[in-house]
Each structure stands twice: as C-alpha cells, then as structure tokens.
Amino acid sequence: FFFLMIRRPPRSTQSRSSAASDVYKRQILKGICEPLLFLKSLKMAHRDLKPHNVVLEEDMTSLKLIDFGISVRTKLDSEGKMNCIMAGTPYYMPPETKEPMESEAAEIYCNPFQWDMFSLGLTMIALTNINAVKSEELRKEALNGIATDYPALYTILLKLLEPIPENRPTLEEVLKMVGDVKVDKLVKEEEFDFVVKKIRMKNAKGDVDQAKKLAKFYLDQCDFKNAKAYLESLLSKYEDDENESALVAQLNLLMGKTLFYQAQYDKANEYLSNALRTYLTDLDADVIESTEPLLYLGRLCFEQGERQKALNYIERAYNIRKENKGEHNLITLEAVSYTHLR
C-alpha cells in the first residue's frame, strides 16, 4: 500500500489539463466514498477520515480506508443523533465538536455520518495541500486554488464543508454529484517516483537531513524494508556521536515506529525507550515529538495485552503535552487508545 497525495499540476500545464485533472480528483473522491458507503450499509461511521487513513493499492487503481480504532456502530435516535466518545484528529473534526473539545467533554451528541462528510471535505483539501487544514486562512487559500484548478470538485467541497451538519450532503448525494467518472490509474508512477528521485538526488550530496526524510518517506509509504535500511545506515554512523544526540533520538523514534508496524515489539521497545530517554532530558525538544515514544510504547503495550501499562504511558504523554503547550487536543493516538482501554 501507499499513502495518497494529490499534486497540483504545474502552472504551465494547468490550462490544458484542468478538465482532465478535475475528473481525476473526482475519481479519488469517489474512491473514498465507496468504502464509506459500505461502512454505512453496516451502520458504521469511520470518524477519523484524513489522508493518512486513505491508502492506495500497489496497482494504483483502487483506494482503501484504514484505522477503524474510533469507528462507531450507529444507533441514531429520533433526531438522527447519538452519543459518541469524543475522539479523533482535531484538524479533521467538524465545527460541532469545537465546544465539547474546549470543555474536554468525554462524549458528544451528534450524527457520525455528518461528521464523516465534513472530514471527507477536509481530507480532499489536505490531499492537495497537507497544511491547508491547520487554519481557516490556509483552508480558504487552498479552496481558492481548487476553485480555479478543479471547479467541479470545488462545488462538492463547499457542500461537504457546510458548518450546519444537517445541510451537508449524504454519501449517496456526493456520489451522484461526482457522477460516472473513471480513470485508468489514480496516481501515475512517474509522479510517485518523482518524490523519491528528488529526495535521493539531495541525499546523494551527503545531506543527513535528506536521508532522514527519505527514511520517513518510506515509512509513510509502509515500505518498511527501505525505511529500515536507511535508518540502520544513519544510526551506525551517528549513534556514538555525543554531539548528535537529538538526531539519534529522532532516528531511534523512526526505527521504533518501523519495527512496531512490523510487529517486532521487543526490538521496537528497545529503540523507543532509547528515544524516550534522550527526549526527556532534552529541555529544548519539541513537546509533540518528544511524547511520541510514550504514545508508541503505549500502543505497543496494548498490542501485547498490557492494558494498565499502556494506559500509564498514554496518560504520561497526555499530561506532558497539557502542561507544556496546552496542545493535548492535537493528539490522535491516545484518543484511539483510550477508546480501546475503556
């Protein structure tokens, strides 16, 4: 599988490729809607739609949704709503969650399908610009670009991003708006290869930061073999260098995540613990990054059935973020884990 990202066409080609690109983008939207519709037929809502939870099969022709950790089986009342545990990825959550989030409520009374529709709109925006969901200003700027480049998609997104939940279209209505579109492949191999070649070219100049980016890129694509190879090479070069402790901590974290996803839990624990020791003694470390080892150690313990130990790690990360930055709401891993542990 590969994670999906839509690249905007170069300005020099936009005028001649706009119509074709719009069809291509709507096909991607359709590819996300179809598994959501299957979920809906099971009376389930995803509730954590975002680019990282949309993956592309190796044949480049079909999409799949992943990470159903906070999905819910819907039991709607007469008003078409239900109580749900308050969890998700804040950048992709709809406006009706803002007040409950700010009050740190444990539950929210909402329609989960309408929640998914808003998240779907944000996901499509983020697939054109991953940073566009981080503020209202960036979102408007991205939408203006989509209005120019992909007008048909823009019309659909405006409906999905309706602030009033009841005004958002249903999945069936979205699919009707998308229409009967079909392309041979959702991503061209040359566009995918372009990213790798660009990073490799910079890495050939000996830039360790680019080598780290390439390792992270492979990790994001679930290509664990190549990610591990790059990380092992970097660690062998820098792990004994006292002046590179921050870099080594980042490499240990990435290696720990790689091994975790390969279910090599003992080795993952070793690398994550090494990263944690460095981060907790580095006063200048980024709060979000420095608590990632705690979150992955929590997930690791959960996978091994050590529920209380998992909860301890997650609570520790939560409290560190809350004390230092007040960014405890910008967390997804512990929200998922809390849901499992309750």
Side-chain angles (χ1 to χ4, degrees), residues 3-8 21-40 44-56 63-67 70-72 74 80-81 84 87-99 101 108 110-179 181 186 330 332:
F3 289 107
L4 182 65
M5 174 60 70
I6 302 171
R7 293 175 62 234
R8 282 182 71 180
S21 293
D22 207 357
V23 170
Y24 168 77
K25 288 2 175 218
R26 284 186 287 135
Q27 174 66 26
I28 291 174
L29 176 58
K30 181 181 178 182
I32 300 173
C33 285
E34 286 172 341
L36 281 177
L37 193 61
F38 175 73
L39 271 183
K40 187 176 180 180
M44 292 191 68
H46 191 282
R47 290 212 310 148
D48 199 17
L49 278 178
K50 57 185 176 181
H52 278 76
N53 287 340
V54 180
V55 293
L56 181 68
L63 299 175
K64 291 189 181 297
L65 299 183
I66 61 172
D67 194 352
I70 58 173
S71 297
V72 292
T74 57
K81 296 182 179 181
C84 301
T89 306
Y91 286 140
Y92 296 91
M93 293 165 75
E96 59 264 30
T97 64
K98 183 178 180 181
E99 189 175 325
M101 276 181 64
I108 178 172
C110 67
N111 182 310
F113 295 123
Q114 293 167 350
W115 176 319
D116 276 352
M117 291 299 91
F118 194 89
S119 299
L120 176 61
L122 291 178
T123 296
M124 289 303 298
I125 292 175
L127 285 172
T128 64
N129 179 356
I130 196 66
N131 293 312
V133 297
K134 293 183 177 179
S135 74
E136 189 68 31
E137 184 180 347
L138 289 172
R139 188 197 303 176
K140 287 179 180 177
E141 184 180 330
L143 276 171
N144 288 337
I146 292 170
T148 302
D149 299 333
Y150 320 120
L153 176 63
Y154 173 74
T155 302
I156 299 171
L157 293 185
L158 286 184
K159 295 179 183 296
L160 288 171
L161 296 174
E162 271 284 341
I164 301 172
E166 292 76 15
N167 291 346
R168 293 170 205 152
T170 63
L171 274 169
E172 293 84 355
E173 289 169 339
V174 173
L175 284 168
K176 189 173 181 179
M177 286 187 280
V178 168
V181 292
L186 293 171
L330 300 181
T332 57

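Quick note: numbers below take in every heavy atom, side chains included, and nothing from hydrogens, waters or symmetry partners.
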*Asks:* Heavy-atom count around Glu166 CD within 6.0 Å, excluding the residue itself: above 12?
*Replies:* yes
*Asks:* Relative to Phe113, does Lys40 satisfy both conditions: NZ or CZ under 6.0 angstrom from the six-membered ring centre, and within 45 degrees of the ring's axis?
*Replies:* yes
*Asks:* Determine the minimum heavy-atom distance between Pro169 and Val174, stating which atoms define it.
*Replies:* CG-CG2, 3.8 Å
*Asks:* Find the distance between CD1 (Ile32) and CD (Gln27) and round it off to the nearest 0.5 Å.
*Replies:* 11.0 Å
*Asks:* Should the pair Arg139-Glu136 be classified as a salt bridge under the 4.0 Å nitrogen-to-oxygen rule?
*Replies:* yes
*Asks:* Checking side chain to side chain contact (heavy atoms under 4.5 Å, CB included) for the pair Asn53/His46: CA distance, chi angles, key distance, verdict?
*Replies:* CA-CA 10 Å; Asn53 287 340; His46 191 282; 4.0 Å; yes
*Asks:* Would you say that more than 12 heavy atoms from the other residues, nucleotides or ligands in this model lie under 6.0 Å from the CD of Glu172, or not?
*Replies:* yes
*Asks:* Can you tell if the side chain of Cys110 reaches within under 4.5 Å of the side chain of Cys84, non-hydrogen atoms only?
*Replies:* yes
*Asks:* Could you pull out the closest heavy-atom pair between Leu175 and Cys33, with the gap in Å?
*Replies:* CD2-CB, 3.7 Å
*Asks:* Where the side chain of Arg47 meets the backbone of Ser71, is there a donor-acceptor pair that is under 3.5 Å apart?
*Replies:* no
*Asks:* Can you tell me how far the OG1 atom of Thr170 sits from the CG atom of Leu37, to the nearest 0.5 Å?
*Replies:* 9.0 Å
*Asks:* Between Arg168 (side chain) and Glu162 (backbone), is there a donor-acceptor pair under 3.5 Å?
*Replies:* yes
*Asks:* Mark yes or no for whether Ser119, through its side chain, and Tyr92, through its backbone, hold a donor-acceptor pair below 3.5 Å.
*Replies:* yes
*Asks:* Do you know which two heavy atoms are closest between Leu65 and Pro35, and how far apart they sit?
*Replies:* CG-CG, 3.9 Å
*Asks:* Please tell me whether Lys50 and Thr89 have a donor and an acceptor in their side chains that are separated by less than 3.5 angstrom.
*Replies:* yes
*Asks:* Go through it in stages, so that I can follow the logic: the residues are Leu122 and Tyr91, the test is side chain to side chain contact (heavy atoms under 4.5 Å, CB included), and I'd like the CA-CA distance, side-chain angles, deciding distance and then a yes or no.
*Replies:* CA-CA 8 Å; Leu122 291 178; Tyr91 286 140; over 6 Å; no
*Asks:* On a heavy-atom basis, which atom in Gly80 and which in Asn111 lie closest, and how many Å separate them?
*Replies:* O-ND2, 2.8 Å
*Asks:* About how many Å separate CG of Leu29 and CG of Leu127, when rounded to the nearest 0.5 Å?
*Replies:* 10.0 Å
*Asks:* How many angstroms lie between atom CG of Leu36 and atom CE of Met44, to the nearest 0.5 angstrom?
*Replies:* 11.5 Å
*Asks:* Supply the atom-to-atom distance Asn131 CG to Ile125 CD1, rounded to the nearest 0.5 angstrom.
*Replies:* 13.0 Å
*Asks:* So, for Pro163 and Pro95, which heavy atoms are closest and what is the spacing to 0.1 Å?
*Replies:* O-CG, 3.7 Å
*Asks:* Under the criterion side chain to side chain contact (heavy atoms under 4.5 Å, CB included), I'd like the reasoning laid out for Lys159 against Met177: C-alpha separation, chi angles, the key distance, then a yes or no.
*Replies:* CA-CA 10 Å; Lys159 295 179 183 296; Met177 286 187 280; 3.4 Å; yes
*Asks:* Drop me the distance from Leu49's CG to Asp116's CG, to the nearest 0.5 angstrom.
*Replies:* 5.0 Å
*Asks:* Looking only at non-hydrogen atoms, find the nearest pair between Thr123 and Pro51 and report the distance.
*Replies:* CG2-N, 3.9 Å
*Asks:* Might you work through the side chain to side chain contact (heavy atoms under 4.5 Å, CB included) test for Trp115 and Ile108, ending with a clear yes or no?
*Replies:* CA-CA 11 Å; Trp115 176 319; Ile108 178 172; 3.9 Å; yes
